[in-house]
> 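Mind having a look at this structure? Questions to follow.
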Amino acid sequence: MGDGAKSLLLHGAILLSLFGLQFVLPEYHQLAVTRILLLAVFAMGYNLLFGYTGLLSLGHAMFFGAGMYGAGLSAYHLGWAVPSAMLLGVACGALLALLVGLVALRTTGVAFMIVTLMISQVGYLATVYFTTWTRGDEGLVMPEAARSFTLFGHTWLLTDPVTRYNLALILLAIAMAVLLWVARGRFGRALVAVRENEDRTRMLGYHTFVIKLKALLLSGAVSAAAGAAYALMFAYIGSSFTTIQYSIDPLLYTLLGGAGTVAGPVLGTFLMFYLVDYASELTNAYLLVTGIVLVVLVLFFPRGILGAIRERWLRWLP
Amino acid sequence: MDFGPFLFLATLEGLVQAAVLCLTALGLSLVFGVMRVVNVAHGEFFMLGAVLAWWVTGWFGGHPALGFVVALALAPVLVGGIAWAGERMVLKRVSYDPEATIVATIGMLYIIQQTTLLTFGPDARPVEPPFYFRVQFPWFGYSGYKLCVIVAAAVLLLAAWFVITRTRLGLVMRATQFDRETAQNFGIAVDRVYAMVFAIGAGLAAAGAVLVVPVQQAHYLMGGDPLLLSFIVVIIGGLGSIRGTLVAALLIGLCDGIISVFFSPTLAKMLSTLAVALVLVFRPQGLMGARQRG
């Protein structure tokens with residue numbers, strides 16, 4: 001069996017088992033996994049930039065937030081239907097990524113991290129400052145009209161947990177398909193080339209700035225899709241989703257699962273979400289877990305779980 | 001109050017801010033300059049300084065000045081010790097790789113902050129100033145302690161300047177900053193210098209926090225603002241340039257103090273953060289610094 005077939009089989013199996021999971025999960029965990037699926041999409045978008053292109057952003061909350069506010073504000077203030085609000089959210093994320101990329105990609109390494117961190121902080125402050133429209137920390141609850149939509153002749157109820165679960169799964173499947181297509185194709189190889197040695201890639205005749213900008217654009221759009229879906233499905237938008245915490249989470253998920261692997265961020269999100277969920281039952285200082293996992297990963301497992309598996313056993317893992 | 005005295009008051013407030021910011025940012029700048037790593041946990045060392053000050057002053061009782069002086073001496077040393085341990089256990093083992101270090105210090109940030117939440121609790125706690133004394137200006141009275149903060153910070157900065165430029169330790173630090181490999185060839189234990197610098201940087205932040213905690217209260221989340229402001233200062237002043245750091249800290253502390261008296265703090269923060277990000281993109285050597293050698 002070829003490598004392509006193996007990886008298709010593996011990721012198909014992952015999606016299928018996630019589909020099957022909804023029939024065995026109790027209601028609480030069904031809701032939790034719905035959130036995990038969306039956060040995993042966010043992490044996959046992040047991974048595209050961090051894992052494949054080697055650009056560590058500390059400001060991806062701004063893309064998640066752009067999607068969230070793009071979708072949420074248009075649904076709340078303009079009364080847009082869910083599908084068009086969703087598309088607007090993704091477009092906002094892509095546009096923001098383009099603008100940020102044109103500026104921030106002039107820097108590399110540590111400067112890139114700090115610049116993205118700061119621009120994202122500006123985004124957070126903006127959601128607090130324009131409180132007339134966003135209601136800042138308090139946030140907005142989506143109106144009744146945005147709780148259902150008609151598409152392909154079927155009315156989808158976003159209040160129904162099963163519908164939400166499957167819509168989130170569809171989004172994950174799309175993101176996974178995009179990532180697989182990127183990872184196995186010419187574009188993905190160009191990204192990895194930039195990650196491994198940007199100067200040499202440039203010498204080979206590639207316009208590395210354009211490659212990085214495309215990567216950021218796609219990464220921002222995928223992250224924004226997660227944010228937009230999160231806003232519409234859980235009917236709430238607020239400033240807390242644009243804080244630094246939401247920039248660090250996808251980094252953590254990606255590092256844990258394995259940067260530069262397609263399924264890694266999904267695995268990382270699952271593990272980390274439940275770890276934090278469990279810790280938060282024990283103590284209010286549950287973010288301690290986040291800190292410990294980060295340090296342990298950096299010290300002992302810099303490649304993450306799937307990264308280590310790929311290194312030892314499954315060389316073909318995309 | 002007229003505009004003149006009002007501006008004077010705002011300037012005083014700005015100076016207090018600037019004095020503390022000088023200490024905190026100098027710590028971050030030293031770490032970045034010598035070790036070439038960004039310490040995201042720097043704000044937490046500041047917070048630890050304040051929390052330890054609360055703890056020490058409470059433990060001592062008696063006259064508040066006694067506990068405060070002990071806190072001012074003890075907190076930086078303890079925080080420096082914690083930073084030293086963190087450096088040995090984590091940063092050294094990732095070989096100061098810039099990206100790994102940032103991720104690791106984010107982890108340290110959470111560990112320190114959340115451990116404080118577990119032990120110190122979620123409440124803000126006041127620390128009594130060592131003395132009450134009002135300086136009476138013609139238009140308003142002003143806390144004598146705040147003026148004392150400015151003087152104390154200036155003294156500490158002078159001491160730091162003396163150590164950096166006039167002692168063997170400072171010479172070794174500067175040599176390591178200038179060229180790590182040559183320094184090593186000349187028999188400098190670069191490794192130990194790094195640990196020392198990381199500890200000193202954290203200690204400076206802690207000292208700033210002890211000075212300011214009587215007018216601010218200790219809280220486990222108080223590290224965020226000093227961290228962001230120190231970043232801004234270090235970037236504007238030029239990465240690794242100590243003189244630039246001090247000038248920028250003075251400027252930004254003053255501006256921040258004055259602007260937040262007159263304008264909406266959120267808008268001011270938004271615009272200044274954006275401006276600083278652009279400085280880092282278009283003038284990475286800082287507004288005042290010269291280009292660093294590779």
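Naming convention: chains lettered A, B, ... in sequence-line order (proteins, then strands); numbering from 1 in each chain.
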> Are more than 12 heavy atoms from other residues, nucleotides or ligands located less than 6.0 Å from atom CE of Met272(A)?
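Atom CE in Met272(A) is crowded, with more than 12 foreign heavy atoms closer than 6.0 Å.
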> Quick check on Tyr236(A): does its OH atom have over 12 non-hydrogen neighbours (other residues, nucleotides or ligands) under 6.0 Å away?
yes
> Answer with side chain, backbone, both or neither: which region of Tyr286(A) has an atom nearer than 4.5 Å to a non-hydrogen atom of chain B?
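The backbone, not the side chain.
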> May I ask you to check whether over 12 heavy atoms, not counting those of Tyr274(A), lie within 6.0 Å of atom OH?
yes
> With a 4.5 angstrom heavy-atom cut-off, could you sort out which part of Leu255(A) is near chain B: side chain, backbone, both or neither?
side chain
> Do Ile248(A) and Tyr110(B) come within less than 4.5 Å of each other through their side chains, counting heavy atoms only?
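Of all side-chain heavy-atom pairs linking Tyr110(B) with Ile248(A), at least one is under 4.5 Å.
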> A side-chain contact here means heavy atoms from C-beta on lying under 4.5 Å apart; do Arg93(B) and Phe300(A) qualify?
yes
> Which heavy atom of Met108(B) sits nearest a heavy atom of Val295(A), and at what distance?
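The answer is N-CG2, 3.9 Å.
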> Which pair of heavy atoms, one from Leu118(B) and one from Leu288(A), lies closest together, and at what distance?
CD1-CD2, 4.0 Å
> Counting neighbours of CZ on Phe273(A) that are heavy atoms of other residues, nucleotides or ligands and sit closer than 6.0 Å, is the number greater than 12?
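More than 12 within 6.0 Å, yes.
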> Would you mind checking which part of Val90(B) comes under 4.5 Å of any heavy atom in chain A, side chain (CB onward), backbone (N, CA, C, O), both or neither?
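Both backbone and side chain of Val90(B) come within 4.5 Å of chain A.
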> Highest number of heavy-atom pairs under 4.5 Å with chain B: which of Leu251(A), Asn284(A), Ile119(A), Leu58(A)?
Asn284(A)
> What residue in Ile102(B), Val276(B), Leu267(B) has the most heavy-atom pairs under 4.5 Å with chain A?
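Among the listed options, the one with the most contacts to chain A is Leu267(B).
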> Quick one: are Leu274(B) and Met118(A) in side-chain contact, heavy atoms under 4.5 Å?
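Leu274(B) vs Met118(A): side chains apart.
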> Assess whether atom CZ of Arg88(B) is packed by more than 12 heavy atoms of other residues, nucleotides or ligands within 6.0 Å.
yes
> Looking at side-chain heavy atoms only, is the closest gap between Leu294(A) and Ile111(B) below 4.5 Å?
no
> Between Leu105(A) and chain B, with a heavy-atom cut-off of 4.5 Å, which part of the residue counts as in contact: side chain, backbone, both or neither?
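Contact with chain B involves no heavy atom of Leu105(A) at all.
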> Hey, which of Thr116(A), Val110(A), Leu299(A) has the most heavy atom pairs under 4.5 Å with chain B?
Leu299(A)
> Going from CD1 on Ile232(B) to CD1 on Ile114(A), what distance comes out if it is rounded to the nearest 0.5 angstrom?
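Spacing of CD1 (Ile232(B)) from CD1 (Ile114(A)) equals 11.0 Å.
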> With a 4.5 Å cut-off on side-chain heavy atoms, are Met113(A) and Glu99(B) touching?
yes
> Given a strict heavy-atom distance threshold of 4.5 Å, which part of Leu252(A) is in contact with chain B: side chain, backbone, both, or neither?
neither
> Could you check whether atom CZ of Arg135(A) has more than 12 heavy atoms from other residues, nucleotides or ligands sitting under 6.0 Å from it?
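At most 12 heavy atoms, drawn from other residues, nucleotides or ligands, come within 6.0 Å of this atom.
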> Can you tell which part of Tyr220(B) gets under 4.5 Å to a heavy atom of chain A, answering side chain, backbone, both or neither?
neither
> Which answer fits Leu271(B), side chain, backbone, both or neither, if we ask what part of it has an atom under 4.5 Å from a heavy atom of chain A?
neither
